[in-house]
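Here is the structure we will look at.
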Amino acid sequence: MPQLESVKKIWGHAPHNAFTDLIRFRERWWCVFREAEGHDLPGGTVRVLTSETGVVWESAATLVEGGIDLRDPKLSVTPDGRLMLVMGGCIYDEDGEYLIRAPRVSFSEDGHAWSAPRRVLSEDHWLWRVTWHDGRAYSLSKLGEGDEPRRGFLYSSVDGIEWDWIAEFKLDGVSETTLRFLPDGEMVALVRPGYIGTSRPPYREWSFCETADRIGGPNFIRLPDGSLWGSGRLFTADGPRTVLARMTTSSYEPVLTLPSGGDTSYAGMVWHDDLLWMSYYSSHEGGTNVYLAKVRL
């Protein structure tokens with residue numbers, strides 16, 4: 001069974017620090033998340049942290065766009081060796097009521113200097129996480145909120161700016177989605193609120209199964225031994241918790257609960273030095289803070 005080696009709060013300076021991601025780039029750690037006054041309040045900005053060892057963290061950059069609430073930043077490395085950020089960009093009226101959104105992308109050569117957030121796709125889209133495979137970026141956009149039926153559209157891109165439609169995920173409540181690839185080219189999707197999908201090139205036809213648990217902020221990783229491990233928010237008898245789950249292409253089994261509670265989840269996952277490193281956020285210690293956990297599998 002997985003064992004929690006350590007967990008440490010690495011950031012808590014804003015009233016609400018949330019929606020994390022984690023990556024290794026140029027032999028350093030990089031962690032991103034949203035800073036704001038609250039979970040559903042406008043005015044979010046994106047903070048980029050960096051660390052050489054994962055022990056001491058420092059701020060590397062802050063991304064701001066006037067009048068736009070930047071949310072849910074996710075990191076990837078482009079084929080030409082740059083860091084890429086994908087974010088949701090939401091607009092609110094003067095009373096703080098949500099109006100519309102569109103995805104943003106930003107790029108960096110060194111993690112410190114970033115291009116201005118650039119809008120991609122049309123309004124109401126939200127590219128949630130980007131995964132690169134064989135020189136192309138793939139992402140599922142969740143389209144529509146509230147009373148409108150939500151739809152999921154799979155896109156690909158060669159540059160992260162111009163996106164080509166591939167297929168629609170026809171799932172009830174389709175939302176945040178992480179995509180990964182198996183060595184034979186099969187694509188696997190972990191979809192909120194609780195689906196696992198698989199598809200082979202050209203990724204137009206999909207097979208889905210439902211998971212036993214509802215998943216918020218889904219992420220998963222394939223380890224060198226071929227095993228799949230997932231993470232997300234699990235609603236327990238004691239309230240929401242961030243969990244690590246043993247995963248296959250047809251199952252998701254929570255096996256470890258991280259120190260967490262209240263407003264929590266949205267983990268970044270990296271395999272490094274025979275440990276699973278996980279960034280996540282939680283409000284179990286009062287404030288809504290960012291944490292780094294190391295898990296031995």
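Residue numbers start at 1 and run along the sequence shown.
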Verify whether the ring centers belonging to Y195 and F169 lie closer than 6.0 Å.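 Not under 6.0 Å, so no.
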
To check you understand the geometry: which heavy-atom pair defines the closest contact between [X] and [Y], and what is its length?
{"X": "A36", "Y": "G44", "result": "CB-CA, 4.0 Å"}
{"X": "G89", "Y": "L70", "result": "CA-CD2, 4.4 Å"}
{"X": "R233", "Y": "T264", "result": "NE-O, 3.1 Å"}

Working for side-chain hydrogen bond (donor to acceptor under 3.5 Å, both in side chains), residues S59 and R47: CA-CA 7 Å; S59 179; R47 174 77 63 180; 2.8 Å; yes

Would you call the rings of [X] and [Y] parallel, tilted or perpendicular, where under 30° means parallel and over 60° means perpendicular?
{"X": "F33", "Y": "W11", "answer": "tilted"}
{"X": "H39", "Y": "Y281", "answer": "tilted"}
{"X": "Y266", "Y": "F19", "answer": "perpendicular"}

Charged N to carboxylate O under 4.0 angstrom, K294 versus E5?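 Result for this pair is no, no salt bridge flagged.
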
Step-by-step salt bridge (Lys or Arg N to Asp or Glu O under 4.0 Å) determination, R26 to D110: CA-CA 8 Å; R26 296 188 178 179; D110 61 4; over 6 Å; no

Pairs flagged by side chain to side chain donor-acceptor pair (under 3.5 Å) wherever residues 200-213 is involved - sequence neighbours left out: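 Listed once each, the pairs are D184-R200.
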
Would a distance-only check, ignoring hydrogens and angles, find a side-chain to backbone donor-acceptor pair under 3.5 Å from [X] to [Y]?
{"X": "R101", "Y": "D124", "answer": "yes"}
{"X": "S156", "Y": "R136", "answer": "no"}
{"X": "K74", "Y": "D21", "answer": "no"}

Not counting sequence neighbours, which residues clear side chain to side chain donor-acceptor pair (under 3.5 Å) with S115? List them please.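 With neighbours one apart ignored, the set is S106.
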
Taking only residues at least two apart or on different chains, which pairs with a member in residues 231-265 satisfy ring-ring contact (aromatic ring centres under 6.0 Å, His included)?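 Of all non-adjacent pairs touching residues 231-265, none passes ring-ring contact (aromatic ring centres under 6.0 Å, His included).
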
Cation over ring, R24 on W29, under 6.0 Å and within 45°?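 Satisfied, under 6.0 Å and within 45°.
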
What verdict does the salt bridge (Lys or Arg N to Asp or Glu O under 4.0 Å) test give for K9 and E285, after you've listed the backbone C-alpha separation in whole Å, the side-chain angles of each residue and the deciding distance to 0.1 Å? CA-CA 10 Å; K9 184 176 82 171; E285 292 185 317; 5.5 Å; no

